[in-house]
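For reference, the structure discussed in these notes is given below.
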Amino acid sequence: MKKSVFFGALAASALVAGAASAQTLAEVQDRGSLRCGVTTGLVGFAAPDANGEWEGFDVAVCRAVAAAVLGDGSAVEFIPTTGSTRFTALASGEIDMLARNTTWTFSRDVDLEFEFTGINYYDGQGFMVREDLGVTSATELDGATVCIQTGTTTELNLADYFRANGMSYEPVPIETNAEAQQQYLANACDVYTTDASGLAATRAAFEDAAAHIVLPEIISKEPLGPLVRHGDHAWGDVVRWSLNALIAAEELGITSANLEEMAAGTDNPEINRLLGTEGSLGEMLGLSADWAKNAIAVGGNYGEVFDANIGPDTAIGLSRGLNAQWTDGGLLYSPPFR
């Protein structure tokens, strides 16, 4: 009952915000900056560096949208949100878009009245334990204490998994990833469960990462992506196609190194349409002809953004896996630019 009341309240809030949010593109352009909701801090995905500058895989999506709309990838105000506050922040109009490892689900799309604009990371829920716990499989976690973020899909996934396997557990509710790290390292819980990518990022921040292991089981589908409010389809199109521009650029061989050369014109009509030397895609979005070029220029194509923030050569060390291009056996796929 509490869950439905919470969803209903947010839905009502979204309706109230609907009229005000119907012209988000114009508001962002008039304001001269994008207000982007991010996580409170998850290294590799969204976290401030030593100078207070936000960086990460999800941050790159915000910057790409800002560049597409405003021609400036730095024109972003990053607003930290927790699992519990992120949807209220979006529904109320405090932020223009949300880009913080958020799972696309039916209830969030329909009941909360949000519009997911694509998937920037295909993920799944996993478990991390201390190596000295002597556990090698999630099926050995009967009776464990589990740190779990409130207001997330992981809560129900965890309950379903333990019930299906005839196991019990004691939840240790936490609000942020920083709190989860603190509680887990203080032995307040035996296990930390969240998206596998989040576990990799969390583990990489530990002083002795080798003392912790991510168990092999992946117990859910967690398609993560940016989202906006229902009712403003023009703004949804801008966010959606800015992400698609990064994905398509990788498939088409457009990189930060050859972007200017490609933007001068090629023999490939789709590249030309994407980069604005042919057609009128920018005009259709209410943006300049070079909107996609600007988005790609911030951090490169999807593959470059992935490698720079969470790839095999970073401390996070994630392989492409399902997030490889469809031409390489992954799920990454942009609709055509035509």
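Heavy atoms only: backbone and side chains are in, while hydrogens, waters and symmetry mates are out. All figures in this text were calculated on a predicted structure; none of them were measured in a lab.
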**Prompt:** Just checking, any donor-acceptor pair under 3.5 angstrom between side chains of Thr145 and Asp190?
**Reply:** yes
**Message:** For Arg229, is there an ion pair with Asp232 - N to carboxylate O distance below 4.0 angstrom?
**Reply:** no
**Prompt:** Side-chain heavy atoms under 4.5 angstrom apart, residues restricted to Ile, Leu, Val, Met, Phe, Trp, Tyr: same cluster for Tyr184 and Leu141?
**Reply:** no
**Request:** Assert yes or no for the condition that the ring centre distance of Phe206 to His212 is strictly below 6.0 Å.
**Result:** yes
**Message:** One thing to verify: whether Arg320 and Glu250 come together as a salt bridge, which I'm taking to mean a side-chain N less than 4.0 angstrom from a carboxylate O.
**Reply:** yes
**Asked** Considering only heavy atoms from C-beta outward, does the side chain of Lys293 approach that of Leu274 to under 4.5 Å?
**Response** no
**Prompt:** Where do Thr82 and Ser84 land on the side-chain hydrogen bond (donor to acceptor under 3.5 Å, both in side chains) test, with the steps shown first?
**Reply:** CA-CA 5 Å; Thr82 69; Ser84 298; 4.6 Å; no
**Asked** Could you state the interatomic distance from CD (Glu170) to SG (Cys189), rounded to the nearest 0.5 Å?
**Response** 10.5 Å
**Request:** For the residue pair Thr139 and Ser137, confirm or rule out a side-chain donor-acceptor distance under 3.5 Å.
**Result:** yes
**Asked** Does Thr105 offer a backbone N or O that forms a donor-acceptor pair with the side chain of Asp109 under 3.5 Å?
**Response** no
**Prompt:** Are the aromatic ring centres of Phe87 and Phe114 under 6.0 angstrom apart?
**Reply:** yes
**Prompt:** Distance only, no hydrogens: is a donor on one side chain within 3.5 Å (strictly under) of an acceptor on the other, for Glu304 and Thr255?
**Reply:** no
**Any donor-acceptor N/O pair, Thr202 side chain to Gly198 backbone, under 3.5 Å** = yes
**Prompt:** With no hydrogens and no angle check, is any side-chain donor or acceptor of Thr117 less than 3.5 Å from a backbone partner on Gly236?
**Reply:** no
**Item:** Asp160 (side chain) donor-acceptor with Asn157 (main chain) under 3.5 angstrom
**Value:** no
**Request:** Check the pair Leu275, Leu259 against side-chain contact (heavy atoms from CB on, under 4.5 Å), reporting the backbone distance first and the verdict last.
**Result:** CA-CA 9 Å; Leu275 299 182; Leu259 179 60; 3.9 Å; yes
**Asked** In terms of hydrophobic clustering (I, L, V, M, F, W, Y; side-chain heavy atoms under 4.5 Å; direct or indirect links), are Phe127 and Ile174 co-clustered?
**Response** no
**Request:** Answer with yes or no whether the hydrophobic clustering places Leu281 together with Met262; edges join I, L, V, M, F, W, Y residues whose side-chain heavy atoms lie under 4.5 Å apart.
**Result:** yes
**Message:** If you count every heavy atom of other residues, nucleotides or ligands that lies below 6.0 Å from Glu261 atom CD, does the total exceed 12?
**Reply:** no
**Prompt:** Quick one: are the ring centres of Tyr302 and Tyr121 less than 6.0 Å apart?
**Reply:** no
**Prompt:** Are Leu158 and Ile218 connected in the hydrophobic side-chain network, where two residues link if heavy atoms are under 4.5 Å apart?
**Reply:** no
What donor-acceptor contacts under 3.5 angstrom involve side-chain atoms of residues 32-49, with partners at least two apart or in another chain?
{"residue": "Arg35", "atom": "NE", "partner": "Glu94", "partner atom": "O", "Å": "3.4"}
{"residue": "Arg35", "atom": "NH2", "partner": "Gly93", "partner atom": "O", "Å": "3.1"}
{"residue": "Thr39", "atom": "OG1", "partner": "Arg100", "partner atom": "NH2", "Å": "3.2"}
{"residue": "Asp49", "atom": "OD1", "partner": "Asn51", "partner atom": "N", "Å": "2.8"}
{"residue": "Asp49", "atom": "OD1", "partner": "Gly52", "partner atom": "N", "Å": "3.0"}
{"residue": "Asp49", "atom": "OD1", "partner": "Glu53", "partner atom": "N", "Å": "2.8"}

**Item:** Heavy-atom donor-acceptor pair, Glu251 side chain to Ile247 backbone, under 3.5 Å
**Value:** no
**Request:** Measure from the side-chain N and O atoms of Glu115 to the backbone N and O of Val228, and report whether any donor-acceptor pair falls under 3.5 Å.
**Result:** no
**Message:** Under a 3.5 Å threshold, yes or no: a donor from one side chain and an acceptor from the other, between Asp72 and Ser74?
**Reply:** yes
**Message:** Keeping Asn272 on the side-chain end and Thr277 on the backbone end, is there a donor-acceptor pair under 3.5 Å?
**Reply:** no
**Prompt:** Is Val305 reachable from Val298 through a run of I, L, V, M, F, W or Y residues, each pair having side-chain heavy atoms under 4.5 Å apart?
**Reply:** no
**Prompt:** About how many Å separate CH2 of Trp54 and CZ of Arg63, when rounded to the nearest 0.5 Å?
**Reply:** 10.5 Å
**Message:** Show, in sequence, the C-alpha distance, side-chain angles and deciding distance for Thr153 and Trp104, and conclude whether the side-chain contact (heavy atoms from CB on, under 4.5 Å) test is met.
**Reply:** CA-CA 10 Å; Thr153 57; Trp104 188 346; over 6 Å; no
**Request:** For Glu179 and Glu175, indicate whether the former's side chain and the latter's backbone hold a donor-acceptor pair under 3.5 Å.
**Result:** yes
**Request:** Could you go through the side-chain contact (heavy atoms from CB on, under 4.5 Å) check for Ser168 and Phe162 one step at a time?
**Result:** CA-CA 6 Å; Ser168 64; Phe162 270 72; 5.8 Å; no
**Item:** Under 3.5 Å: donor-acceptor pair, side chain of Asp195, backbone of Ser197
**Value:** no
**Message:** side-chain contact (heavy atoms from CB on, under 4.5 Å), that's the test. Do Thr102 and Arg86 meet it? Break it down for me.
**Reply:** CA-CA 9 Å; Thr102 298; Arg86 55 185 164 173; 3.1 Å; yes
**Prompt:** Is a side-chain donor-acceptor pair under 3.5 Å present for Thr193 with Gln125?
**Reply:** yes
**Fill in**
Rounding to 0.5 Å, atoms CD (Glu270) and OG (Ser334) come to a distance of 7.5 Å
**Message:** Please determine whether the number of non-hydrogen atoms from other residues, nucleotides or ligands lying under 6.0 Å from atom CZ of Arg163 exceeds 12.
**Reply:** no
**Message:** I need the Gln325 CD to Leu332 CG distance, nearest 0.5 Å.
**Reply:** 4.5 Å
